[in-house]
Amino acid sequence: MSLQLYNTLTRQKEEFKPRDAQHVAMYVCGPNLYGPAHIGHALSYITFDVLKRYLKFRGYGVKHVQNFTDIEDRIIESAKKENTTIEALAEKYIARFLNEMDSLNIQRADVYPRATEAIPTIIKMTQGLIEKGMAYELDGDVYFRVRADEDYGKLSHRSLDEMEAGARVAVDERKYDPMDFALWKSSKPGEPAWASPWGPGRPGWHIECSAMNLNEHGAQIDIHGGGQDVLFPHHENEIAQSESYTGKQFSRYWVHNALLHLPGQDKMTRHLGGLVLIPEALSRHSSDAIRAFILGTHYRSPLAWTEEGVDAAERGLERLRAAVKDAVASTTLDGAADAALNQAAAETRKKFIAAMDDDLNTAGALGTLYDLARDINRARGEGASPQDLAPAQATLQELAGVLGLMLQEPKRAVSADESEKINALVAERNALRAAKKYAEADKMRAQLTEMGVEITDSAQGTTWRKVR
RNA sequence: GGCGACGUAGCCAAGUGGCCAAGGCAGAGGUCUGCAAAACCUUGAUCGUGGGUCCAAAUCCCACCGUCGCCUCCA
């Protein structure tokens with residue numbers, strides 16, 4: 001079997017075949033930089049991070065391009081509100097965005113082009129579209145002529161007539177068709193502007209992605225991704241522009257993730273409010289837990305963000321983390337038991353791949369990891385040595401890594417002073433235990449718990465960690 | 001109005017024609033441990049409702065009920 005991906009263009013799962021058998025050109029729509037990212041963005045970028053990790057796991061080289069939209073009406077608005085420039089605003093949110101994505105263990109894209117750096121290509125494409133009769137100028141604005149594009153609507157599967165019947169947008173009477181959209185917008189005095197054949201202006205919202213794709217990937221790409229909310233009009237318009245300009249099929253596969261919302265509310269999006277920002281989420285949960293929570297549901301199903309849900313994912317993760325810890329027994333399994341464990345690991349790998357091949361069934365894939373974790377933990381209980389467990393543990397760690405899970409104990413930073421103090425208290429308690437003064441020892445446990453220190457006694461001694 | 005999705009155990013969620021309907025959380029009982037924690041073992045569902053097709057349906061078809069997304073800026 002090979003990877004099957006749901007393609008929005010054809011509305012079905014298709015076998016994934018990149019143009020080049022070895023390399024995949026992937027473009028994922030990046031954020032508009034008018035404000036901070038939220039966990040809805042996290043969901044989308046985690047989804048495509050897993051897609052990329054899986055493609056690499058399957059042996060492909062991947063060139064991943066993700067844009068930053070750093071010029072757009074809302075950015076101008078936000079800059080005005082914050083009394084700063086669009087450049088400064090963009091820099092601020094780019095730094096913050098990259099930092100937050102790193103915290104979520106999302107691998108960085110290979111290139112992060114910015115709309116403002118693609119202006120020459122944008123102008124070139126706009127001009128080319130005018131020359132082909134696919135676009136027209138009106139008082140310094142340039143519009144794409146949707147009626148000239150015979151397959152306009154093929155991605156979102158709607159016809160112009162249908163859309164116009166239900167249109168909720170105010171109609172600009174100057175345009176040939178109400179659905180014609182701006183490639184170039186003339187700017188008003190005081191607004192950021194670039195020189196163009198049509199006078200000073202700025203790019204429309206959709207053309208930048210077409211231009212950046214052309215710059216970074218060329219005319220054709222394999223995968224174009226984004227949230228379902230940008231399917232229409234953004235991606236529809238991107239196809240229209242790019243294919244009209246190059247005369248070639250733009251992207252072979254279109255992948256869209258469903259949206260995240262809060263219980264009982266609409267999708268999370270910045271202009272509606274009701275946001276959970278990423279630092280807020282990370283202050284309460286590990287990045288593994290956030291990822292496991294998100295990946296526990298298929299990427300094309302909508303997901304309600306709940307603190308309880310993420311907490312549940314965190315508790316489940318503990319078993320996975322326990323499974324990759326060292327064995328302490330000095331004995332070894334007998335040959336049959338050891339072979340059975342290795343067999344279980346091989347089975348897990350197969351099932352994991354089968355699940356991921358099926359349109360990234362991360363929930364199913366995650367399930368196979370829990371099964372393997374149980375096998376490992378059981379073997380450890382039966383006296384497996386570190387050498388016995390190592391191969392299965394390596395498999396678990398590797399497959400978890402495909403989902404971007406690190407399986408490390410979340411630890412709170414502890415100062416040297418504090419550490420010394422805790423060590424002293426733990427030693428004191430152990431002295432009491434050695435003297436069988438258990439009541440007093442338990443009082444000390446309570447005291448440590450009060451301090452946010454969790455202690456664990458075992459035959460090998462007492463370990464502790466700061467949990468809050 | 002147009003297009004589309006979904007309804008599986010207390011909660012989350014895989015499975016889309018045929019082995020006992022994955023897995024996680026929570027709950028109950030147990031093993032281990034001075035205690036605790038962890039880990040492990042045991043334990044729960046005729047798959048929204050009503051019809052139909054089929055030797056066989058959670059899985060296909062129809063109807064109904066309910067929830068939701070997109071059609072406007074948005075990951």
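Chain A is the first sequence line, chain B the second, and so forth, proteins listed ahead of strands; every chain is numbered from 1.
If A:Ser301 and A:Arg11 are placed on RNA chain B by their nearest nucleotide, the residue sitting closer to the 5' end is A:Arg11. With the nearest nucleotide of RNA chain B identified for both A:Pro31 and A:Thr297, A:Thr297 has the one nearer the 5' end.
Residue A:His298 is classed as a sugar-phosphate contact, given heavy-atom separations below 4.0 Å to backbone atoms only. A:Tyr45 comes within contact range of the sugar-phosphate backbone alone, with a heavy-atom separation under 4.0 Å but no base atom that close. Contacts of A:Arg374 with the nucleic acid, taken as non-hydrogen atoms under 4.0 Å apart, involve only primed sugar atoms and P, OP1 or OP2. Here A:Leu369 lies out of heavy-atom contact (under 4.0 Å) with every strand. Heavy atoms of A:Leu231 sit nowhere under 4.0 angstrom from any nucleic acid atom. Note on A:Gly309: nothing from the nucleic acid sits closer than 4.0 angstrom, heavy atoms only. Contacts of A:Thr456 with the nucleic acid, taken as non-hydrogen atoms under 4.0 Å apart, include base atoms. Contacts of A:Gly296 with the nucleic acid, taken as non-hydrogen atoms under 4.0 Å apart, involve only primed sugar atoms and P, OP1 or OP2. Contact annotation for A:Asp229: base contact, defined as any heavy-atom pair under 4.0 Å involving a base atom. The residue A:Leu317 sits apart from the nucleic acid: no heavy atom pair falls under 4.0 Å.
Between A:Ile455 and A:Arg445, the shortest heavy-atom contact is O-NH1, 3.5 Å.
One interatomic measurement links the two molecules: CE of A:Met444 to P of B:A37, which rounds to 20 Å at whole-angstrom precision. Between A:Asp266 atom CG and B:A5 atom P the separation is 20 Å, expressed in whole Å. Rounding to whole angstrom units, CD of residue A:Gln228 and C1' of B:A5 are separated by 8 Å. Atom CZ of A:Phe232 is separated from atom P of B:G69 by 18 Å (rounded to the nearest Å). In this structure, the CG atom of A:Leu303 is 17 Å from the P atom of B:A75, given to the nearest Å. Atom OH in A:Tyr370 sits roughly 8 Å away from atom C1' in B:G23 (whole-Å rounding). Between the P atom of B:A26 and the CD atom of A:Glu318 lies a distance of 11 Å, rounded to the nearest Å. In this structure, A:Tyr299 atom OH and B:A13 atom C1' are separated by 17 Å, rounded to whole Å.
Residue A:Lys325 places no side-chain N or O under 4.0 Å from the OP1 or OP2 atom of B:A38. Regarding contacts with the backbone of B:C73, every side-chain N or O of A:Asn32 stays at 4.0 angstrom or more from both OP1 and OP2. Close to B:C41, at under 4.0 Å from its OP1 or OP2, lies a side-chain N or O of A:Arg378. OP1 or OP2 of B:C40 lies within a sub-4.0 Å distance of a side-chain N or O belonging to A:Arg319. OP1 or OP2 of B:C35 has not a single side-chain nitrogen or oxygen of A:Arg433 nearer than 4.0 Å.
Taking a pair to require two hydrogen-bonding distances under 3.5 Å in either a Watson-Crick or a G-U wobble arrangement, B:C54 remains unpaired. As the counterpart of B:U43, B:G27 is assigned, both hydrogen-bonding distances of the Watson-Crick or G-U wobble pattern falling under 3.5 Å.
If you check B:A75, B:C40, B:A14 against the side chain of A:Asn257, the one that comes closest is B:A75. Taking the side chain of A:Ala312 as heavy atoms from C-beta on, and the options B:A75, B:C25, B:C70, the nearest nucleotide is B:C25. Closest contact between the side chain of A:Ala363 and the listed nucleotides B:A13, B:A75, B:C70 involves B:A13. Among the nucleotides B:G15, B:G23, B:C70, the one closest to any side-chain atom of A:Asp371 is B:G23. Side-chain proximity of A:Arg315 to the nucleotides B:A26, B:A14, B:C41 is greatest for B:A26.
Between the side chain of A:Arg445 and the base of B:A36, a donor-acceptor pair under 3.5 Å is found. Side-chain to base pairing of A:Asp442 with B:G34: one donor and one acceptor N or O lie within less than 3.5 Å of each other. Between the side chain of A:Asp457 and the base of B:C35, a donor-acceptor pair under 3.5 Å is found. Within 3.5 Å, a donor on the side chain of A:Arg429 pairs with an acceptor on the base of B:G34, or the reverse. In this model, a side-chain donor or acceptor of A:Arg74 finds a partner on the base of B:C73 within 3.5 Å.
For the residue pair A:Asn430 / A:Thr462, a side-chain donor-acceptor distance below 3.5 Å is found, with atom types taken as modelled. With 3.5 Å as the limit, one finds a donor-acceptor pair spanning the side chains of A:Glu307 and A:His285. Counted by atom type alone, A:Arg374 and A:Tyr370 present zero donor-acceptor pairs between their side chains at under 3.5 Å.
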Exercise. So A:Tyr45 and A:Phe97, ring pair (Phe, Tyr, Trp, His ring centres under 6.0 Å) or not? Walk me through it.
Worked result: CA-CA 11 Å; A:Tyr45 297 122; A:Phe97 180 86; 5.5 Å; yes
Stepwise side-chain hydrogen bond (donor to acceptor under 3.5 Å, both in side chains) test for A:Asp70 and A:Tyr93:
CA-CA 10 Å; A:Asp70 59 350; A:Tyr93 285 125; over 6 Å; no
Stepwise side-chain hydrogen bond (donor to acceptor under 3.5 Å, both in side chains) test for A:Ser385 and A:Asp388:
CA-CA 5 Å; A:Ser385 70; A:Asp388 293 330; 3.1 Å; yes
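A cation-pi geometry, defined here as NZ or CZ lying under 6.0 Å from the six-membered ring centre and within 45° of its normal, holds between A:Arg145 and A:Tyr176.
Comparing the same atom, C1', in B:U49 and in B:C40 gives a spacing of 42 Å after rounding to whole Å.
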